*Asks:* 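Here it is, the structure in full.
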Amino acid sequence: MARPRQYDDALRRRLLDLASEQISEHGVDTLSVRALAQRASTTTAAIYTLFGSRDALVDAVATEGLARFETHLRGVPRTDEPAADLLALGLAYRASALADPHFYRVMFSSAGVRSGTHSLTQPTFVILSSAVARVLSTAPEDEVELHAVRAWGLVHGLVSLELAGLLPGTETERAARYEQLLRTPLPPG
């Protein structure tokens with residue numbers, strides 16, 4: 001007979017949320033299992049049971065951020081209009097980052113780098129690259145990758161500046177400017 005689960009998914013999610021906040025705001029080196037347990041009103045045993053180690057917890061935070069991000073991107077419907085789909089993907093990128101800013105920051109921090117969350121082979125980049133390939137349907141593969149990296153750099157840079165509070169304007173103005181920049185067409189393929 002299997003042992004009953006001592007800790008549930010709600011606690012796991014709460015620990016990931018709290019750990020992502022700590023890492024995002026103060027860096028991975030400040031994450032303490034004891035302090036996290038206290039903040040989550042649980043025990044260190046719960047963290048070790050759920051994650052195995054502090055390093056595994058950090059990896060789980062980066063992995064969770066990537067999973068949430070990928071869910072946003074995969075939620076973009078594919079239509080018969082590749083350019084519109086690419087724009088929708090860019091808007092979903094921003095929406096995901098604004099919905100989960102702590103996880104977004106962790107994905108692109110040293111913790112995320114260590115976990116490999118932003119490699120060009122990750123599913124999120126493959127989604128972007130596929131959308132760019134549809135827009136540049138006759139372009140060679142290396143050119144598609146170049147423009148996919150360019151698009152990624154644009155959206156990542158804009159979102160990172162916005163999350164840091166460095167973009168001027170109201171939320172509505174920032175959203176409109178972001179969309180305007182994304183509407184700048186890719187060169188013909």
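If you're wondering where the values come from, they're calculated on a predicted model, not measured in any experiment. Sequential numbering from 1 along the given sequence is applied to the chain's residues.
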*Asks:* What is the minimum heavy-atom distance between Val132 and Val144, and which atoms define it?
*Replies:* CG1-O, 3.8 Å
*Asks:* Is there side-chain contact between Val76 and Ile127, with heavy atoms separated by less than 4.5 Å?
*Replies:* no
*Asks:* Among all residues two or more places apart in sequence or in another chain, which pass the ring pair (Phe, Tyr, Trp, His ring centres under 6.0 Å) test with Phe69?
*Replies:* Tyr93
*Asks:* Compare every heavy atom of Leu163 with every heavy atom of Pro101, then report the nearest pair and how far apart it is.
*Replies:* CB-CD2, 3.8 Å
*Asks:* Check this for me: Glu171, atom CD, are more than 12 non-hydrogen atoms of other residues, nucleotides or ligands nearer than 6.0 Å?
*Replies:* yes
*Asks:* Answer yes or no: is there a donor N or O on one side and an acceptor on the other, between the side chain of Arg134 and the main chain of Arg78, under 3.5 Å?
*Replies:* no
*Asks:* Which heavy atom of Ala56 sits nearest a heavy atom of Ser53, and at what distance?
*Replies:* N-OG, 3.0 Å
*Asks:* Under the side chain to side chain donor-acceptor pair (under 3.5 Å) rule, collect the residues that match up with Arg39, sequence neighbours excluded.
*Replies:* Glu21
*Asks:* Just by modelled atom types, is the Leu181 backbone N or O under 3.5 Å from a matching donor or acceptor in the Thr184 side chain?
*Replies:* yes
*Asks:* Roughly how far, to the nearest 0.5 Å, is the CG atom of Leu57 from the CG atom of Leu50?
*Replies:* 9.5 Å
*Asks:* Excluding sequence neighbours, so at least two apart, what forms side chain to side chain donor-acceptor pair (under 3.5 Å) with Glu162?
*Replies:* Arg94, Arg174
*Asks:* Of the non-hydrogen atoms in Arg54 and Val33, which two are nearest, and what is the gap between them?
*Replies:* CB-CG2, 3.8 Å
*Asks:* Do Leu31 and Val61 come within less than 4.5 Å of each other through their side chains, counting heavy atoms only?
*Replies:* no
*Asks:* Report the distance from atom CD of Gln180 to atom CZ of Arg183, rounding to the nearest 0.5 Å.
*Replies:* 9.5 Å
*Asks:* For the residue pair Leu15 and Phe51, establish whether any side-chain heavy-atom pair is separated by less than 4.5 Å.
*Replies:* yes
*Asks:* For residues Arg68 and Ser96, report the shortest heavy-atom separation together with the two atoms involved.
*Replies:* O-OG, 4.2 Å
*Asks:* Within the distance-only criterion (no hydrogens, no angle test), does the side chain of Tyr178 pair as donor or acceptor with the backbone N or O of Gly90 below 3.5 angstrom?
*Replies:* yes
*Asks:* Measuring from Thr43:OG1 to Arg34:CZ, what's the distance to the nearest 0.5 Å?
*Replies:* 11.5 Å
*Asks:* Look at Arg13 together with Asp100 and state whether they make a salt bridge at an N to O cut-off of under 4.0 Å.
*Replies:* no
*Asks:* Which residues, ordered by chain and number, are linked to Leu167 in its hydrophobic cluster, where ILVMFWY side chains connect at heavy-atom gaps below 4.5 Å, directly or through other members?
*Replies:* Leu161, Leu166
*Asks:* What is the distance from atom CG of Asp17 to atom CZ of Phe103, rounded to the nearest 0.5 Å?
*Replies:* 4.5 Å
*Asks:* Measuring from Glu145:CD to Phe125:CZ, what's the distance to the nearest 0.5 Å?
*Replies:* 5.5 Å
*Asks:* Would a 4.5 Å heavy-atom cut-off, applied to side chains only, mark Trp152 and Ser129 as touching?
*Replies:* no
*Asks:* Before you tell me yes or no, could you show the steps for His147 and Glu143 under side-chain contact (heavy atoms from CB on, under 4.5 Å), namely the whole-Å CA-CA distance, both residues' side-chain angles and the distance that decides it to 0.1 Å?
*Replies:* CA-CA 6 Å; His147 288 292; Glu143 189 175 324; 3.6 Å; yes
*Asks:* With sequence neighbours excluded, tell me which residues meet side chain to side chain donor-acceptor pair (under 3.5 Å) with Thr79.
*Replies:* Asp85
*Asks:* Within a radius of less than 6.0 Å around CD of Glu141, do more than 12 heavy atoms belonging to other residues, nucleotides or ligands occur?
*Replies:* no
*Asks:* Quick one: closest heavy-atom pair of Ala148 and Leu128, and the distance?
*Replies:* O-CD2, 3.3 Å
*Asks:* Excluding sequence neighbours, so at least two apart, what forms side chain to side chain donor-acceptor pair (under 3.5 Å) with Thr30?
*Replies:* Gln22
*Asks:* With a 4.5 Å limit on heavy-atom distance, are the side chains of His102 and Leu16 in contact?
*Replies:* no
*Asks:* Do the side chain of Thr63 and the main chain of Asp59 share a donor and acceptor less than 3.5 angstrom apart?
*Replies:* yes
*Asks:* Are Arg177 and Glu173 ion-paired here, with the side-chain N under 4.0 Å from a carboxylate O?
*Replies:* no
*Asks:* Can you measure from CZ (Arg14) to CG (Leu36) and round to the nearest 0.5 angstrom?
*Replies:* 9.5 Å
